[in-house]
Amino acid sequence: MKEHIEHHKHISEKIHKADSKRGKIALVGNPNVGKSIIFNYLSGLYMEVSNYPGTTVEVVKGQFNDYEVYDTPGVYGISSLSVEESIARDIVLEADVVINVVDSVHLERDLFLTQQLIDMGKKVSIILNFQDELEKHGIKIDTEKLSSLLGVPVYLTSAVNKRGLEQLESAIKNASPGNIDPELHSRLHVMLSEVGSQAEALLILEGDEELARKHGVKAGTDRESIYIQRRNRINEIITEVVTEREIKRRISTFIGKLAMNLWTGVPLVIVVLYLVYSFVGQFIAGGVVDYLVQNVGKDLWEMWIRGLVSQFISQDSWLGIILVGDFGVLTMTITYLLFLLLPLVIAFYLSLSLLEDSGYLPRLAVLMDRSFNAVGLNGSAVIPIVLGFGCVTAATITTRILGTSRERTIATAILQFAIPCSAQTGVVAALIAGAGFESLLIYITTIFAVLVIIGTALNKILPGESSTLLLDLPPMRLPKLDNIVRKTTFRSYAFMKEATPWFFVGALGIGIFQVTGILNVWIDLLTPLVTGWLKLPAEASTAFVMGLVRRDFGAAGLYQLKLVPNQIVVALVTITLFVPCIASFMIMIKERGLKQAFVIWIGTWIIAFLVGGILSHILN
Amino acid sequence: MSNKIINSKVDKIVSLKECSAGTCVQIVNLSKVKEKSRLIQLGLLEGEIVQCLEHLPGGTVVVRKGRREIAIGAKLAQSILVKPVDGQCNRKRKRWKLRFGFMKFI
C-alpha cells in the first residue's frame, strides 16, 4: 500500500515536471496594493506556501486555469537592493505574464515599477486597484490614455469589494509588451546582443552585479540616469492621464498626522499601549486565561486524564510521572498550550494585525526613529521589536528588514535579552498584577535600562554605520475584518505549530530529568544562586531549568510558586533576561552565525543573574 | 550689498533637516546622498517640490509628495539639500498652520 502511494506521488511529480512548461504568471506590485486578495481570487483555496531558497521570505504559489501563479513580495522596483527585491526579480525573470497590481490612488509611486517591468520587455497587464477610493480622493484617471501611453492593457478593479476581478482572465490573455523609451531601447540592444534576454539586459544596465556575473559581462553604471529618465517619463504620463480635484483632507490623514507629532503622538502611544495591555494583559491573561487554566485545564482536563491514565499505569511510576505528573506531557503541557498560550497568542496577533492594517505601526516607527538612533537602530526596527513581544523567534527572522548587518546584530541582541514574548508577557502581566503597581514600575524600568545599556554598548563597539530611515507610509485605513481574521489565524497557527513540539520536548525532558533525578541535581546546582543570590525559594530553580527550553514555559513555572512582591519582581526580571528559548536560539544561529549566537546566549545567563541579584539586594 | 542679502534670503539653500513643518521646499541637490536610487524610486528627485509635513525633535522629517507621506531619517534628511518655495503648497500650508498652530504653544 505504502509503495503504491509513493508510486503515485512519483508519477504526479513527473507530471508536475512536464507541466512546468505551463505558463507562469507573476503578481507584482508595491507593498499594500491588494495583491494577496487578487492572488486568492486567482488561485482559490489551493496554495503552496514555501520559503524562498536560502531565505525566510515566504513565496506563495497557486494555480489558475493552465497557469502557475506566483505572488511576490511588495517592492517599489526590481533590483537586488534588498532580499525582497531579489526574490521579486527572480520570479519576474521566470514569468511569462506579469500582472502588475497598482494602487490607483498612488499612481505616481506605482508606475515606476510598471515602467520598469515594461522596459524589461515582459508581457504586462495592469490592474488598477482601489477604484472605489478614487472617487473619495477626487481623482480621475483616463485609463484608455494610460493604456495607450504605456502600451499595455489596463483594468480597473476594487479587490476588497470583489469588483472587477472577473476581468483578470482577459488581463492574463491580453497582456502585452509595452512602450519603451527609444533611447533606452537602443542602449538595451547593445547589451541584449551579449546576454540574450531583454529583462536581464536591462537589469545589468541598471547595475545588477549578480546577473552581470552570471553572463560574464560588466554591470552597467547608469542606474541613476535610467531611473531619473524613467521617473520623468512617469511624471509626464501622470500629468496626461490624472486629473485631481482639491478635496478636504480626510480624518484618517489627520489621525496619521497626530500619530507622528511629538506632543500628540506620545500620549497616543501610551493610550494604544494601555489598550493593548488592558486587552491582552488584563482581559485575556488575567481573566480568560486564569479561568481556563484553573477551571478547564486543571479541574476538568487534568483530573480526567489522570483518572484515565491511572487505570492503566500507576501515577507514581516513572511513566506515570512523565505522562500525568506535575510537569506531565498530558497534563501540564496540554493545559499550558491550549489554555495559556493559545488565547494569549491569538490576542496578541489580533492586536498586532489591527495596528499593522490601520497604518499606525509605520507612523510609530517615525515617532520612535530618534530614540532608536540612540541604540544604533532606526525607526523601522520598531517592527521586529514590537513583533518580539509576540514571538522573539519570529521577530529575529524579521530583523532582515533592517538595512545593515550591524543593525541586525543589535536588534537580535535586544530581542534575545530584553524583550519578553507574548506568552511570557501574559504570565508576567498576570503575576505583576498581583504584586502591585510599584512592582510593575520596577520591572519595566529595569528591563528598559538593560535594553538601553546593551543597545548603546553594541552601538559603540560594533564597527560601521547604521542606515537611516526611509519609509513610504501606507495610508491610515480602517482595518478590514476578514483580513484581520485571516492574518490572526494564519500567524497564531504558525506560532502554535512551531511552539507545540518544543513544549512536548520540554515537558518530556523535564519529566525524564525528574524521574532520573537529574532535575534535582540541576536544581541543587542552581539553588545557591537562586536562594542565596536572588533570594527566591528553592523551587524557583525548576522554573529556570524549564526556561532553558522555552522562556514562557519558565515564566509559567513561576506561576505556581507563592512569592512576595519583591520576589516576584526579581524572578520576573531574571526570567525575562534569561536565555532565549531553544527555537529562537536555533533561528539565531541560522541568522547571525554560531559564534554570535553563543556569545548572546552566554551573555543572557550572566546578565540575567547579575541584574536579578543586584535588584534583589537593592530591594531587600 | 543689500541686494545680495535679499537674494540669499530668497534662494537660501538648507538641508531638509532644517525645514520647518508646513513649509514647501524644492529639492535642489542630492549629490551628498548615499542611497540615491532609493530616493528616485520613491519619486524624490532634484527639482521635485515636497511639503515638509512633520519635523520631529530628533531631526526625523516627514514629507508629503502628492498624496503620499514619506518619512526620512535625520541623517538622510541632512544630506538632502532644498530651497524654500512659495506657490503650490502655500495654500495648504496656511490651512495646516491655522489648524495646528495651537500645538506650537503646548
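Convention: sequence-line order gives letters A, B, ...; per-chain numbering from 1. None of these values were measured; they are calculated from a predicted model.
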- Query: What part of B:Glu46 gets closer than 4.5 Å to chain A, counting heavy atoms only: side chain, backbone, both or neither?
  - Reply: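 B:Glu46 has no heavy atom closer than 4.5 Å to chain A.
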- Message: Please classify the contact between B:Leu56 and chain A as side chain, backbone, both or neither, with a heavy-atom cut-off of under 4.5 Å.
- Response: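 Interface part for B:Leu56: side chain.
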Could you check if a side-chain atom of [X] sits within less than 4.5 angstrom of a side-chain atom of [Y], using non-hydrogen atoms only?
X	Y	result
B:Leu44	A:Arg231	no
B:Ile72	A:Leu471	no
B:Ile40	A:Ile228	yes

Minimum heavy-atom distance [X]-[Y], with the two atoms named:
X	Y	answer
B:Ser37	A:Arg223	OG-CD, 3.0 Å
B:Ile70	A:Asp472	CG1-OD1, 3.8 Å
B:Leu76	A:Leu469	CD2-O, 4.0 Å
A:Leu473	B:Val62	CD1-CG1, 4.0 Å
A:His106	B:Arg67	NE2-O, 3.6 Å
B:Ala74	A:Asp369	N-OD2, 4.2 Å

- What option among B:Lys75, B:His55, B:Arg68 has the most heavy-atom pairs under 4.5 Å with chain A?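 Ranked by heavy-atom pairs under 4.5 Å with chain A, first place is B:Arg68.
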- Among all residues two or more places apart in sequence or in another chain, which pass the side-chain contact (heavy atoms from CB on, under 4.5 Å) test with A:Ile255?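 Partners of A:Ile255 by the side-chain contact (heavy atoms from CB on, under 4.5 Å) criterion, ordered by chain and then number, come out as A:Ile251, A:Met476.
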By a 4.5 Å heavy-atom criterion (distance strictly below it), what part of [X] contacts chain B: side chain, backbone, both, or neither?
X	result
A:Phe112	side chain
A:Ser380	neither
A:Glu108	side chain
A:Gln115	neither
A:Asn232	side chain

- So how far is it from B:Arg38 CZ to A:Ser467 OG, rounded to the nearest 0.5 Å?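 The distance works out to 10.0 Å.
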- Task: Drop me the distance from A:Glu224's CD to B:Lys36's NZ, to the nearest 0.5 angstrom.
- Result: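 One gets 4.0 Å once the value is rounded to the nearest 0.5 Å.
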- Task: Among A:Ile238, A:Asn235, A:Ile139, single out the residue with the greatest number of heavy-atom pairs under 4.5 Å to chain B.
- Result: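 With the most close heavy-atom pairs to chain B, the winner is A:Ile139.
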- Message: I'd like to know if the side chain of A:Lys257 reaches the main chain of B:Leu53, judged simply by a donor and an acceptor atom lying under 3.5 Å from each other, with no hydrogens or angles considered.
- Response: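 Pair found, side chain donor or acceptor close to backbone of B:Leu53.
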- Name of the residue among A:Arg230, A:Glu85, A:Arg109 meeting side-chain contact (heavy atoms from CB on, under 4.5 Å) with B:Gln41: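 Between B:Gln41 and the candidates, side-chain contact (heavy atoms from CB on, under 4.5 Å) is satisfied uniquely by A:Glu85.
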